[in-house]
Amino acid sequence: MRIPPLCPVLWVGLFAGALSCTNYQETSLPVATRRVDAVDTYYGQRVPDPYKWLEEMESEEVKEWARLQDRHARREVESLPTHAAIAERLRVLNGFKRVGDVVQRAGTRLFLEGGSGRAQPALLARDTASHRATVLFDPLEADPTGELAIADYSLDPSGTRVAVALVEGPSRQFDWIFLDARTGDRLPDRLTDARIGTGRSAARNPWSDDGESFFYTRPLEAGAGRSQLLCHRFGTSQQEDVVFFERPDLPGLRFDGLVSTDGSQLVIHQWGESIGGEAVVAMDPRSASSVVRHVTGKVAGKLSYLGGRGAQFWFMTDEDAPRKRIVRIDLGVAGSGTRQEIVPESADTLAQAYLFGDRLVLAYLREARNVLQIRSLEGELQFEIELPDGLIFGYSLRYWAGITGSPFEDVVFVRSLGPTSAGSIYQVDLTSGELSIAERSGTPFDMEGFTTEQVHFESDDGTRVPMFLVHRKELSRDQTYPTLLWVYGAYGFTAQPYLNTFNSAWLEMGGILAMPNIRGGGVYGEAWRIAGSRAAKIHSVQDTIAAAQWLVAQGYTSPERLAVFGNSAGATAAGGAMALRPKLFGAGIYEVPVADLLGASRFKGGKDWLDTFGTPDNEAEYRAMRSYSPYQNIDPNSCPIPSFIAAGDQDVTAVPMHAYKLTAALQWATRSCAEDPPPVLLRMDWGTDHGANKPVPNRLAEQAAELAFLSEVLGAPIPYDLWGARAPSAPDGS
């Protein structure tokens with residue numbers, strides 16, 4: 001897979017430039033990308049931005065450029081001899097059954113079930129007495145294209161009515177429908193653009209205690225950044241919904257409202273720049289005119305409401321506790337804002353916390369592996385449980401929290417996910433601590449010949465960083481193994497290996513999967529996240545470089561056979577490592593990347609990146625960003641590594657201009673290659689956003705392209721005998 005050199009001139013126009021290049025062939029080049037003389041100045045430092053015109057993402061010129069890039073990428077990848085076999089194997093591997101979070105009340109158990117070639121998972125209900133499961137809602141029946149997806153669901157206190165949030169394509173607007181929880185019959189109520197802390201309602205309660213009212217937030221059409229908290233009474237129209245809470249004096253304030261465990265309080269969690277942190281207030285859920293009581297003052301750290309009984313409220317917080325702790329506030333005794341520590345900070349990192357039944361259910365990270373604790377509401381430890389796979393994974397699209405339960409049940413459901421499990425659901429009896437299987441997922445292939453090990457390496461400043469490695473049990477340290485270094489390092493997310501279709505295929509191809517917990521993640525709590533955020537974000541890149549050096553030094557792989565892979569904020573760490581140390585890698589894959597950090601805040605979603613990357617408005621943060629931002633650090637006079645960039649044209653989180661500018665800069669650098677330049681491909685997924693709700697066929701097609709690309713540039717052979725594929729013909733056709 002080779003791309004002819006790009007014409008090394010300063011293009012004056014998209015098509016004029018193409019015509020002026022004597023060796024330009026439409027069938028072999030993606031597009032000749034013009035350069036402009038744009039320069040930005042920061043603190044006296046001039047920073048060229050030759051592809052600034054690609055920020056005009058709605059212009060016809062940029063759209064045509066992206067279409068030509070995508071057409072070229074698809075043609076290059078799909079012509080590879082391994083592509084068809086890889087695509088078919090992914091289809092087969094994806095056929096295993098996957099089960100999502102369980103919600104159970106009053107003898108009814110709800111869960112999502114996907115896989116088996118489905119474009120979107122369906123919502124099922126199981127009668128716990130008869131064990132019979134029925135399909136409550138199948139989005140494919142409503143929309144066979146796979147564009148419609150279930151974004152969330154919630155079961156009322158009596159277990160008779162279920163709310164289902166639907167989203168279409170890349171939209172971030174949710175419509176809620178309501179079903180009979182036993183029959184699936186559609187109820188007449190419907191809410192448009194209604195939000196309740198999406199992805200968390202399986203564990204939190206938006207219902208009144210009688211199940212006849214449903215609380216949600218909704219943005220106002222007029223007034224940028226303003227929202228309202230409303231109450232919908234069943235049997236009435238949405239136009240009749242009552243406003244319980246709003247703050248017109250604080251535009252941009254974000255909040256959600258959930259009902260306390262005993263139904264006595266409407267608890268409203270507020271956050272945003274307008275209040276300089278987080279705060280919680282409470283109201284009587286029976287009356288919109290009730291007094292708003294302050295539960296907490298402004299909290300400098302992060303706050304997660306767990307549940308409440310009367311005037312008592314339980315929270316998980318990292319305020320004064322970087323690895324988090326549990327506190328209780330009793331308005332009837334101590335007054336507003338006074339905290340009583342229930343579970344102190346420990347050496348382990350508290351990753352998730354809930355109040356189910358009459359107990360605290362806590363998931364700790366112990367060196368990136370999960371331990372489940374059941375404690376009384378006073379904090380007394382009752383049970384500590386190790387899961388079969390050691391992991392509780394809570395970041396899988398449409399499969400959410402990983403731990404679910406109910407204030408009204410003495411059982412909790414835990415999705416145990418790991419390198420040998422695709423996410424079966426286990427049931428924990430809160431009264432005995434007994435663990436049993438509740439809903440079983442399948443596995444894509446036999447993992448008997450594979451193993452997972454956890455290692456540690458030192459970063460450039462001596463910091464010890466943990467890393468998971470998944471590979472075949474029989475492994476020789478001869479630097480021959482194609483290795484995928486998957487990095488993220490943002491938002492406190494802890495990298496843990498787990499089976500999915502892509503990883504399964506990569507392991508079958510003889511590859512090694514390496515997942516380091518670089519700084520910016522949460523393996524060691526809030527301090528670890530801060531150590532890889534804002535002006536310290538360079539540590540995420542340095543940790544990625546150190547992980548690559550360790551893998552080579554230990555004999556697992558060589559630079560020529562090592563690929564760095566990042567998604568979203570992870571693509572920043574991967575792209576930064578590629579730009580700063582290109583000779584360490586044989587390839588790079590960057591999905592929905594954030595690549596131009598200096599320009600990110602000018603676009604939709606950019607403000608959400610500030611706490612991760614910082615802002616060029618702060619000189620210290622600017623200088624840090626400038627030192628590793630992928631787009632600004634690609635050496636135009638050095639031959640780049642083979643690169644595959646994937647983006648969605650409807651992405652408002654990492655807008656596609658990041659992918660566009662990264663692609664253009666890398667392609668321009670190929671003019672410096674002494675031999676045939678390496679491939680730099682931009683593959684677009686048209687009509688999709690940042691990845692949420694992406695139909696399975698789209699996801700599999702993208703993965704097939706990535707794996708075929710890696711197979712070609714790293715020399716990762718596909719197992720033709722195992723996959724039943726025909727080996728590619730020799731050049732002479734034999």
Side-chain angles (χ1 to χ4, degrees), residues 368 395 457-461 463 465-468 483-497 513-524 528-552 559 562-598 600 608-614 621 624-634 640-641 643-647 653-654 658-659 661-662 665-666 690-691 706:
Y395 190 75
F457 63 88
E458 282 194 3
S459 194
D460 69 318
D461 61 356
T463 299
V465 182
M467 177 165 63
F468 287 107
T483 299
L484 196 63
L485 178 62
W486 187 97
V487 294
Y488 191 73
Y491 297 102
F493 170 73
T494 299
Q496 297 172 312
L513 175 63
M515 298 181 71
N517 282 112
I518 62 177
R519 280 172 282 185
V523 65
Y524 297 130
W528 195 255
R529 184 194 71 81
I530 292 173
S533 300
R534 302 193 79 104
K537 187 64 184 171
I538 184 65
H539 288 149
S540 301
V541 178
Q542 292 167 337
D543 291 354
T544 301
I545 291 170
Q549 292 172 324
W550 187 92
L551 288 165
V552 172
L562 175 62
V564 64
F565 189 127
N567 173 283
S568 188
T572 309
M578 169 273 295
L580 297 183
R581 298 292 301 275
K583 296 187 183 303
L584 260 180
F585 306 100
I589 294 183
Y590 319 102
E591 291 182 345
V592 291
V594 182
D596 177 10
L597 298 185
L598 301 184
D608 294 334
W609 298 108
L610 294 180
D611 195 45
T612 297
F613 300 118
E621 292 176 355
M625 295 162 75
R626 179 65 182 86
S627 71
Y628 69 86
S629 177
Y631 172 60
Q632 281 83 17
N633 283 281
I634 293 168
I641 64 174
S643 298
F644 185 101
I645 299 107
T653 301
H658 291 283
K661 294 171 85 170
L662 179 64
L666 286 168
H690 202 57
E706 292 169 346

**Item:** CD on Glu621 to CG on Leu597, rounded to 0.5 Å
**Value:** 11.5 Å
**Request:** List for me each residue that meets ring pair (Phe, Tyr, Trp, His ring centres under 6.0 Å) alongside Phe644, sequence neighbours excluded, and say none if there are none.
**Result:** Phe709
**Request:** Could you tell me the separation between the OG1 atom of Thr653 and the NE2 atom of His690, rounded to the nearest 0.5 Å?
**Result:** 5.0 Å
**Request:** State, to 0.1 Å, how close Val592 and Ala647 come at their nearest heavy-atom pair, and which atoms those are.
**Result:** CG1-CA, 4.2 Å
**Asked** Are Thr612 and Val594 close enough that some pair of their side-chain heavy atoms sits under 4.5 Å apart?
**Response** no
**Asked** Say you draw a straight line from CD1 of Ile589 to CD1 of Ile645; how long is it, rounded to the nearest 0.5 Å?
**Response** 10.0 Å
**Asked** Please, which pairs that meet side chain to side chain donor-acceptor pair (under 3.5 Å) have at least one residue in residues 581-592, sequence neighbours excluded?
**Response** Asn567-Glu591
**Message:** My understanding is that only residues two or more places apart in sequence, or in another chain, count here; which of them pass side chain to side chain donor-acceptor pair (under 3.5 Å) with Thr463?
**Reply:** Asp461, Arg519
**Prompt:** If you round to the nearest 0.5 Å, how far is CG of Leu562 from CD of Gln549?
**Reply:** 11.0 Å
**Request:** Could you go through the side chain to side chain contact (heavy atoms under 4.5 Å, CB included) check for Ile634 and Leu662 one step at a time?
**Result:** CA-CA 9 Å; Ile634 293 168; Leu662 179 64; 3.6 Å; yes
**Message:** Taking salt bridge (charged side-chain N to carboxylate O under 4.0 Å, His left out) as the definition, give me every residue that meets it alongside Asp611, ordered by chain and number, with sequence neighbours left out.
**Reply:** Arg529, Arg534
**Message:** Once ring pair (Phe, Tyr, Trp, His ring centres under 6.0 Å) is applied, do any residues pair with Phe585, and if so which ones, sequence neighbours excluded?
**Reply:** none
**Item:** side chain to side chain donor-acceptor pair (under 3.5 Å) partners of Ser643, counting only residues at least two apart
**Value:** none
**Message:** Taking side chain to side chain donor-acceptor pair (under 3.5 Å) as the definition, give me every residue that meets it alongside Asn517, ordered by chain and number, with sequence neighbours left out.
**Reply:** none
**Request:** On the 0 to 90° scale, with breaks at 30° and 60°, tag the Tyr491-Tyr488 ring pair as parallel, tilted or perpendicular.
**Result:** tilted
**Fill in**
Heavy-atom nearest pair, Ala646 first then Glu706, reads CB-OE2, 4.3 Å
**Asked** For Pro593, does its backbone N or O pair with a side-chain atom of Ser568 as donor and acceptor, under 3.5 Å?
**Response** no
**Asked** Can you name the closest pair of heavy atoms from His658 and Ala600 and give their distance?
**Response** CE1-CB, 3.7 Å
**Fill in**
Sequence neighbours excluded, the answer for side chain to side chain donor-acceptor pair (under 3.5 Å) partners of Tyr628 is none
**Message:** Rounded at 0.5 Å granularity, tell me how far CZ in Arg626 sits from CD1 in Ile538.
**Reply:** 12.0 Å
**Request:** Flag the pair Tyr524 / Pro466 as yes when at least one side-chain heavy-atom distance between them is below 4.5 Å, and no otherwise.
**Result:** yes
**Request:** State whether a side-chain donor-acceptor pair under 3.5 Å links Ser459 with His539.
**Result:** no
**side chain to side chain contact (heavy atoms under 4.5 Å, CB included) against Pro516, all qualifying residues, sequence neighbours excluded** = Phe457, Met467, Leu485, Val487, Ile518, Ala547
**Request:** For Ala579 and Pro630, work out which heavy atoms get closest and say how close.
**Result:** CB-O, 4.1 Å
**Message:** Please evaluate residues Leu584 and Ile545 with respect to the criterion side chain to side chain contact (heavy atoms under 4.5 Å, CB included), reporting the C-alpha separation (whole Å), side-chain torsions for both, the decisive distance (0.1 Å), and the verdict.
**Reply:** CA-CA 8 Å; Leu584 260 180; Ile545 291 170; 3.6 Å; yes
**Item:** Euclidean distance, Phe468 CZ relative to Gln496 CD, rounded to 0.5 Å
**Value:** 6.0 Å
